[in-house]
Amino acid sequence: MPTSDYDPACLPDLLPLYYRRLFPFSQYYRWLSYGGVSKNYFQNREFSFTLKDDIYVRYQSFTTQNELEKEMQKMVPYKVDIGAVYSHRPSQHNVVKSGTFQALEKELVFDIDMTDYDDVRRCCSAADICSKCWTLMIIAIRILDRALREDFGFHHLLWVYSGRRGVHCWVCDDAARKLSVAARSAVAEYLSLVKGGEETLRKVVLSDPIHPFINHSLSVVERYFQQYAIVEQDILGSKESVDKVLALLLTTHIKKDLTIYYQDEKNPMKRWDRLCALVEHKKSSIKKGGQYFDKEIMLQYCYPRLDVNVSKGVNHLLKSPFSVHPKTGRISVPIDLKELNTFDPFEVPTISLICEELERPTADEAEEDDVKDKENEQEAGERRRIRDYKRTSLAKYVKVFDRFLEAMARSWKGEMLKKSGELETSFSVFLTFMSFTYT
Amino acid sequence: RQFYQRARRRKKLIGNFQNDLYDQCLQFYGQPPLENISLTEFETFAVERLKLLKTVENVGVSCGKSSEQYTKKLDAEISSLNFPHRGGISEYEKRRKDHISHFILRLAYCQTEDLRRWFIQQEMDLFRYRFNCLHSKHKTDFLHKNNLKYETVSAEEKKNLKDKLIASSYGLSGTKVEEHDVYKVPFQDALDLVRTRKVYLLAGNAYIPHHEIVTIVLNDFRTRLSKALAMTARSLPAVQSDERLQPLLSHLSHAYVGQDYSIQKNIGKISLEQIDALSGKSFPLCMRHLHKALRENHHLRHGGRMQYGLFLKGIGLTLEQALQFWRSEFVKGKVDADKFDKAYAYSVRHMFGKEGKRTDYTPYSCMKVILSNPPSQGDYHGCPFRHSDPELLKQKLQNYKVSPSGINQILELVKGMHYQLACQKYFELTHNVEDAGFSLNHPNQYFTESQKLLNGGRDIKKEVDMSQRSQENPASVTHPSQANSKQAHEEMGDLDSFFQDE
C-alpha cells in the first residue's frame, strides 16, 4: 500500500522538502493569475498560513511567483488557505484608509464534510471515513457538478480531496468569482435539500411539483442507493436503524404495516421494496403529502449536505489545493471526475510517501542531471522541480490540475482577445463592409 | 441636488412634462420631481407617506402579504391617504403626491443603515402590492416604459422546455406557458426565485413566467433604490443646511404619526402607590424594565430618566408627584435629599416645562426609543426587543411567566426586526387576548390600551369585536377581563373617567 507510514512529528522535516521540490508552484501561480486578464489579481490575493504550534497568520500576499515560493519555503506553513482578491495588497491592509480595503472577488466554493452525515452513516463517525461512506462523496460530486454546470452554466470546476474527510469544489469561472454574497448564498440554498439539525427528524420534505433539479439529483441517488444504503450501510438491518427510517414516515398505517412485515421478512432489499410499494400505493389516494416518502428517505440518507456559510462569504478562507493535511499527511489533490468511480481516498499520497519517493534514485536520471546542471540555475531548478514531482505519486494529480488549467486558459485567451482585440473585430467588420460595398 | 432646489421659489411647473410623467399609476421613481411646493405640502406629503409605509409594515407582518385581509387593509389605507390606487382616471394629484413624497422620505431615511433597510423594505412591499394590482397588459406597458428589456423566450424553446417550466414554477400551466411570455434573465437577476428554487435554471439563465416577473422587477427596484439612497446620503449635508428643512427631516426619521401624549389628560389620577402594580400589569416591557432597575439600584442614568420620566408624565403624574417619586427613590441610594434637589430636581421640572410643544419633552414614541440613543453598559433605557440580547430577553420573559410558545413567537418577530410587533405580542400574551386591537406605536399608548382592557371600559366598536370574540373563545377572552375589571375597578377608582374621552 503506497502510503508509507506518516507521523505528524515528521512534518517539520518533510514540509521544507515538499515546498522546495514538490509543490507545483508554477501551475499554482498560473491558476491564481487567471491569465493576467485582471491587473494585480495575484498580488491582491489573500493567503493565510497556519505555522508550527498553531500560529495563524492572515493577510499574506505576494507580488510574484518567486516571492510566493521563497516565503513558503521560509515560513514552512503546516496549512495554507486561500482567501479573496482584495482592493489592495492584503499585506498592506493596515496602511489602507479604513473602509476602503474590501474583498472584491473570489472563487465560488463548496465544502462537503463527512461529519455532516453522522446521523445517517453507521460505518464511521466524526473524522473517520471508509470506502463504504466514501460513496456519499461520489454522490455529492456527481449531483453538484451537474447542477453547477447545467443549471448555473459554470464551466471551470476544480474538485479537491480535502485530505481527510471531505471534498471541496472551486468554481473558477469569471462570473463565479464576481458573485455577490447574496448570489452565493442563493446558489447554496438552491443546492440544499437536507434541512434541520438535531431536533429535526424529517430533514427532507418534497411536494408537488418536483423541480427538475430534484429529479436530476434523485436519479443520481437512485443509482447508488440500493448498494450503498441497503447493502453496505444496512439501514434496514438492525432494529435500531429500521426505527430511524420508520421515524421518517409520517403515515401510521404504513409504519404499522412495515413493522409487522419486518417481523418475518429479514432481507433488507425485500424490506425496502415493500416500503416503496406501500408508498407507491398511497400515491394513488387523494390525500396530499406522503407520496414521496421513499424519495425523501433516499435523499435524507444520500443527498449532499453543504455548509452554506462556507459558500456565502466573499472573504471566506478555504484550504488550498496541494496543501498538506497535518493529521493524515495526505496532500489535498485534485480529483479527476472521469475516474471518479475509482478514486480511492486511501490511495492519495501522503507527504511522507512522496518525500520518500523523491529520494529513490534512478539510473538514467543521474546522467541527465550532469548534463543539464550546466544551464542557468533558475531554469535548472525549475526543471529539476518539474522532474521531481513527476517521480512521485503526486504526478498524476498535477496532471489533472494541468488539464483543468488548459481548459481555463482557452477562456482567458478569449478574454484577452476581447480586451485588446477590439481592433481585430472592427477590422474584420470593416473588411466585410468593404466587400459588400464593392460587390 | 435637483430637488433641494424644489424648496426654493424658482421655476414654474413644467406642464406637459409632468403630464407625461404621471400617465402611469406606478413608477420607478427614477426622476426626482422638478417643481416647487410649499413647506406645508412638503410636510403633509411626507407624513402621509410615512403613515402609509407604517401600515404596509404592520399589515404585512400581521396578515401575510398575499392574504385577502392584506389587500383589504392596504386598499383602505391607500384610499384614505389619497395615494394612487388601481389606475383611476383622475389620479394626477395622487400620482404627483406619490412621486414627491417618495423623494422627501429618501432624504429622511438615507442616513443610517437601519433607516435605509426599513425604507427599502416598505417601499418594496408597497411597490410589489401595486404592481400585482395592475392588469397584465399594464404590467407589460410598465416594463416597456421603464426600459426593462427582459429577453423573451422563443416559442420553440418554450415548447421544448414546457414540462420543465411547469415543474419549476408555482401556478404555471401548459396553457399559460403557450399564451404568455416567458422571460430569460441571468440567474444573478432572479436571486429570490433561485434561492427558493421556484424557477427553472438552464445554463446560468432563469426562465421566468410572466406572472412572476414582479420578483425580477422588485430586484431591480431594490438595487436602484439602494444606490439612490447611498447617493442621497452623500448630498444630504447640502440639504440639511437649509434650516427650514432640517428640523422637518430629522423629525420625520424619528417620526411618529399618532397621538403624542404631550398634553396631559387626567392629571393626578394615579397615585404613587399604584406604580409598582401598574408596572407589572400595564407598562410596556421597556418601562417595566426601567422601573425595576430604578427600584433595585435607586438610580437611573440620564437616558433612563428621560425615557421613563416622560412616560410617567404621559400617564398622568403631576410635577409634585414626579418629584416625590424620584427623590424618594434616589435618596434610598447614594444621593441625599440636598443633592437631589440641586442636581436632579431641575431636570424633572424641565420635563414638565411649560414651554409649549417641544419634541424633546414629549414622551418618547417607540420609533424614537428604538432608533435613537442606544443603551450602553449601565443603561436600562432603549427597547428590550431591539437592544437586549435575545437570550437575556428570553430569560426576562420567562421570569415574567410568558409561555414558551409565546416567547418563541416574540423571538421570531425580533429576528425579523419587528420590534413594535414583538411588544404588541407581549401585550397580547400578558393580557391574554388574541389580538391587541391596536397598532403599537407609543409606550403611553400601550399603557392606555392596557388600562382600557383591564378596566373593561370600551367604546362601542370594540365592544362588538369583544362580543364576537367571546362567542368564539369564551374561556380565554371574557373571563380574565371580567375578573380583572372588578379588581381593577377597586384599585383604579375613578380611572374610568380616564377613558371616557375616547
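Numbered from 1 within each chain, the chains take letters A, B, ... in sequence-line order.
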(request) Could you have a look at B:Asn205, B:Val199, B:Asp192 and say which one has the most heavy-atom pairs with chain A under 4.5 angstrom? (result) B:Val199

(message) Can you tell me if B:Lys158 has over 12 outside heavy atoms packed within less than 6.0 Å of its NZ?
(response) yes

(message) With a 4.5 angstrom heavy-atom cut-off, is it the side chain or the backbone of A:Leu148 that approaches chain B, or both, or neither?
(response) neither

(message) Rounded at 0.5 Å granularity, tell me how far CZ in A:Phe213 sits from OH in B:Tyr200.
(response) 13.0 Å

(message) Counting only non-hydrogen atoms closer than 4.5 Å, does A:Ser192 touch chain B with its backbone (N, CA, C, O), its side chain (CB onward), both, or neither?
(response) backbone

(request) Would you confirm whether B:Arg195, through its side chain, and A:Ala183, through its main-chain N or O, come within 3.5 Å as a donor-acceptor pair? (result) no

(request) Starting at CZ of B:Arg197, measure out to CG of A:Leu191 and round the result to the nearest 0.5 Å. (result) 8.0 Å

(request) Measure the shortest side-chain to side-chain distance between B:Thr196 and A:Tyr190 over non-hydrogen atoms and say whether it is less than 4.5 angstrom. (result) no

(request) To the nearest 0.5 Å, tell me how far B:Ser168 OG sits from A:Asn215 CG. (result) 10.0 Å

(request) Identify which of A:Pro209, A:Gly153, A:Ala186 forms the greatest number of heavy-atom pairs closer than 4.5 Å to chain B. (result) A:Ala186

(message) Working to the nearest 0.5 angstrom, can you tell me the gap between B:Gln188 CD and A:Phe152 CZ?
(response) 9.5 Å

(message) Tell me whether A:Lys195 at atom NZ has more than 12 heavy atoms from other residues, nucleotides or ligands lying less than 6.0 Å away.
(response) yes

(request) Could you tell me whether a side-chain N or O of A:His211 sits under 3.5 Å from a main-chain N or O of B:Ser169, the two making a donor and an acceptor? (result) no

(request) Calculate, to the nearest 0.5 Å, the distance between atoms CG and OG belonging to B:Leu191 and A:Ser180 respectively. (result) 6.0 Å

(message) Testing the basics here: between B:Leu201 and A:Asp151, what is the closest heavy-atom pair and its distance to 0.1 Å?
(response) CB-O, 3.6 Å

(request) State whether the number of non-hydrogen atoms from other residues, nucleotides or ligands found under 6.0 Å of B:Lys394 atom NZ is greater than 12. (result) no

(message) Need one label for B:Ile166: side chain, backbone, both or neither, based on atoms under 4.5 Å from any heavy atom in chain A.
(response) backbone

